[in-house]
Amino acid sequence: MRRLALPLLGLVLVGVIATPALAKSYWIDSADTDIVVNDDGSLLVTERITYAFSGSFSGAYRDILLRPGESISDVPVADAGGLYKAGGCVDLGCNSPPGTFGVTSIPGYVRIVWHYDATDANREFAIEYTMIGVVTAYEDVVDINLQVWGDQWPVGVDHVTAGIHIPGDPHQGDVRVWGHPYEIDGSTSLGDDGTSPSLVASSVPSETWVELRGVFPTSLLATTSGARIVAGDGLQTILDEETLFAQQSEAANQAARTGFIIGVLAALGLALGLGITTYLRYGKEPRVVYDQEYEHAPPTDLPPAEVGALLSQGHVAEQEFTASLFDLIRKGAISAKPIQTVRSTWGGLRQEDISDLELGLTDNTTGFRDYEQSVLTIVRRVLDDGPLPLSQFRTEIREDASANAKTYQIFRTRVLDAIKRSDLLDTSGNVASALTVALAIVLVLGSFFVLPGLLGGRPGGVAMAILIAVGMLVGAVILIVIVSFRRVRVKRTRAGALEAARWDAFKRYLTDFSNLEEAPAISLELWDRYLVYAIAFGVAEEVLEQARLHAPPELETRSSIYWFGNYGYTGGHTENAFAGIESALTGAFTAPSSSGGGGGFSGGGGGGGGGGGGGAW
């Protein structure tokens, strides 16, 4: 009972537009089951069930199935207002004061009934109970096989989560997890530590169970008095059983794939017809007359981020961000100067002086484009407390990955908006593609409803209708994949196509830089522009190498972006500043995510304890 005081219960009011003609109804928004394995093998189970009520409700119940030898004890109920009091009636549909509950034993299961007052709202209820005799303890492993959602619920549930807390100190590799049945859209995991079995499932239909199975060494229990004891080892039997389940799943999937392939014949017309039409109208590039092999200088004043987005037909990535960052260094918004720092090696036993690059902010903060301001926003997060060596900058830029990811997305949007405002890119195909996909979805839905009626009277007509409908569904999916490619629905304008052709010629010039017979006479300002655009093109190494070989000596002292370390142009730091910053940006705009072992659900199953169902009135 003491655990139900935890701040895990929330009350979220949901606004519902009610009319007298609407009958009351409910569904389950989420169900979370927390399973703690006690030292004796019994289970402390806490269920948090969130009902979504439309209309007025006052009672709910939960039936928990029990097999021979299994029992349940210590059953409290709570919601956001606190613990319920025992003494409520236990007949379905009966009335007791809100905040009360009752428990009754019926052959084969235990029924928990609780009373409340809810109208057009989401309500989370928590039920806690101890289960004895559910876990199977073999001599080598403990098998926890529990239905965390039963097949006696008359409504479905949007989200199901469950997790097992194992006693003692389990080691990675000793714990295993499975989820059943394979028809459910779900996945399992062992968590980051490899010892925390869990599952998630979504869109579980009514009268459908979800099962979590976890296995761990029996030696982690102090005693097996709370478990069902089976002599002998059980791991191999469990593995064989799960292998059989997986084979059954694969056999069912293979049968589905065979029917799917037949239906694809109906999909080709839908997918290719609409997809090719969309490409020819909105994605095919206009032809322009331009035959120069090289442009020896940037052909226009288009900034590097916009050039990269133009050449990729609207794709903006970290490469464009890096180029913009270097352009801001070139323009003086960010300072960059060589310094000497001390690096510790051999676990701090040895120190050495190394050349580094110190980045800082300047007072030059106006006159920049909106997407350049986004770049400066990220840099300010790192340098707001003062200049930092590049070696430290690489680490600090990852400290606020979530905020950086949001600002980076703003940067991408603003770059794309800039080339659209310049009438260089035509994105009208995005809207047309969305309408095309909507049309395909309408046709698919219509086929599921109309075809069975048209073909159902013929022998095998229902199966034929299903195959055609599934084929059209596949066609719609293929169509979505086709139009998801930018080059199908986005194209350059005629002016944009000519601009792109000239920039492609300049990119070829920088790419072939090292193969040119004569080194051209290049000003210091042009050397700086070369490198900035080379970063956007992904050919910075070629330009850096040519700068090392052919650039005038004063470039090293007058340029803020051609820094090669104390070794100058004759040493080994031919990519120093560029490689350092680019590597720092790689992955810096990805928000943190969690991962762990596990996988999808397998077939079979259904033999676990728990389960049952519930409802409300």
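Quantities reported herein were computed from a predicted structural model and do not represent experimental measurements. Just the heavy atoms: all of them, side chains too, but no hydrogens, waters or symmetry mates, feed the values below.
- Formation of a donor-acceptor pair under 3.5 Å by the Gln319 side chain with backbone atoms of Ala536 is found in this model.
- Judged by distance alone, with hydrogens and angles left aside, the side-chain atoms of Asn404 form a donor-acceptor pair with the main-chain N or O of Ile397 at under 3.5 Å.
- Every pair passing side-chain hydrogen bond (donor to acceptor under 3.5 Å, both in side chains) that includes a residue from residues 418-443 is listed here, sequence neighbours excluded: Asp426-Ser428, Asn430-Arg489.
- When all heavy atoms are compared, the tightest approach of Ser324 to Val375 is CB-CG2, 4.0 Å.
- Partners of Glu320 by salt bridge (Lys or Arg N to Asp or Glu O under 4.0 Å), not counting sequence neighbours: none found.
- Without hydrogens or angle criteria, Gln292 side chain to Arg502 main chain gives no donor-acceptor distance under 3.5 Å.
- Evaluation of the side-chain hydrogen bond (donor to acceptor under 3.5 Å, both in side chains) test over residues 271-283, restricted to residues two or more places apart or in two chains, returns none.
- Nearest heavy atoms, Ile184 versus Ala201: CG2-CB, 3.7 Å.
- Each of Val160, Thr161, Leu199 was checked for a side-chain contact (heavy atoms from CB on, under 4.5 Å) with Leu212, and the lone residue meeting it is Leu199.
- Ile334 has its side chain within reach of Leu376: a pair of non-hydrogen atoms, C-beta onward, lies under 4.5 Å apart.
- Residue Lys406 qualifies as open at atom NZ: its count of foreign heavy atoms under 6.0 Å is 12 or below.
- Annotation: Phe485, atom CZ; neighbour count of heavy atoms from other residues, nucleotides and ligands within 6.0 Å does not exceed 12.
- Taking the six-membered ring where tryptophan is involved, the planes of Phe411 and Phe321 are perpendicular, since the angle between them exceeds 60° and thus also 30°.
- Residues passing the salt bridge (Lys or Arg N to Asp or Glu O under 4.0 Å) test with Asp32 are Arg48, sequence neighbours excluded.
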For Glu372 and Asp327, what are the C-alpha separation, side-chain angles and deciding distance, and is it a side-chain contact (heavy atoms from CB on, under 4.5 Å)?
CA-CA 9 Å; Glu372 292 175 321; Asp327 205 26; 4.2 Å; yes
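- Nearest heavy atom pair, residue Ala309 against residue Val316, reads CB-CG2, 3.8 Å.
- Nearest approach of Thr365 to Gln373, heavy atoms of both residues: O-NE2, 3.1 Å.
- Here the OG atom belonging to Ser335 is positioned 7.0 Å from the CD atom belonging to Glu358, to the nearest 0.5 angstrom.
- Shown are Val532, Leu302, Ile419; of these, the side-chain contact (heavy atoms from CB on, under 4.5 Å) with Val307 is made only by Leu302.
- With sequence neighbours left out, the ring pair (Phe, Tyr, Trp, His ring centres under 6.0 Å) criterion links Tyr533 to Trp503.
- Distance alone, capped at 3.5 Å, is enough to place a donor-acceptor pair between the Thr362 side chain and the Gly332 backbone.
- Checking Asp512 against Tyr294 by side-chain atom types alone, a donor-acceptor pair falls below 3.5 Å.
- Evaluation of the salt bridge (Lys or Arg N to Asp or Glu O under 4.0 Å) rule for Arg414 yields no partner, not counting sequence neighbours.
- At a cut-off of 3.5 Å, with distance as the only test, no side-chain donor of Arg486 or Gln313 sits close to an acceptor on the other residue.
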Start with the C-alpha gap between Glu295 and Lys507, add the side-chain angles, then the distance that decides, and say whether side-chain contact (heavy atoms from CB on, under 4.5 Å) holds.
CA-CA 8 Å; Glu295 291 269 2; Lys507 178 180 179 181; over 6 Å; no
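- Between the side chain of Arg492 and the backbone N or O of Leu310 there is at least one donor-acceptor pair closer than 3.5 Å.
- One N or O on the side chain of Arg494 and one on the backbone of Arg287 form a donor-acceptor pair closer than 3.5 Å.
- When atom types are taken as modelled, the side chain of Thr407 and the backbone of Ala403 share a donor-acceptor pair closer than 3.5 angstrom.
- Heavy-atom neighbours of Arg176 CZ from other residues, nucleotides or ligands within 6.0 Å: at or below the threshold of 12.
- Between the side chain of Thr188 and the backbone N or O of Trp178, no donor-acceptor pair lies under 3.5 Å.
- In this pair, Trp527 and Tyr530 present their aromatic rings perpendicular. The plane angle is above 60°, beyond the 30 to 60° band.
- Taking both residues in full, the closest heavy atoms of Ala540 and Leu531 are given as CB-CD1, 4.1 Å, listed atom of the first, atom of the second, then distance.
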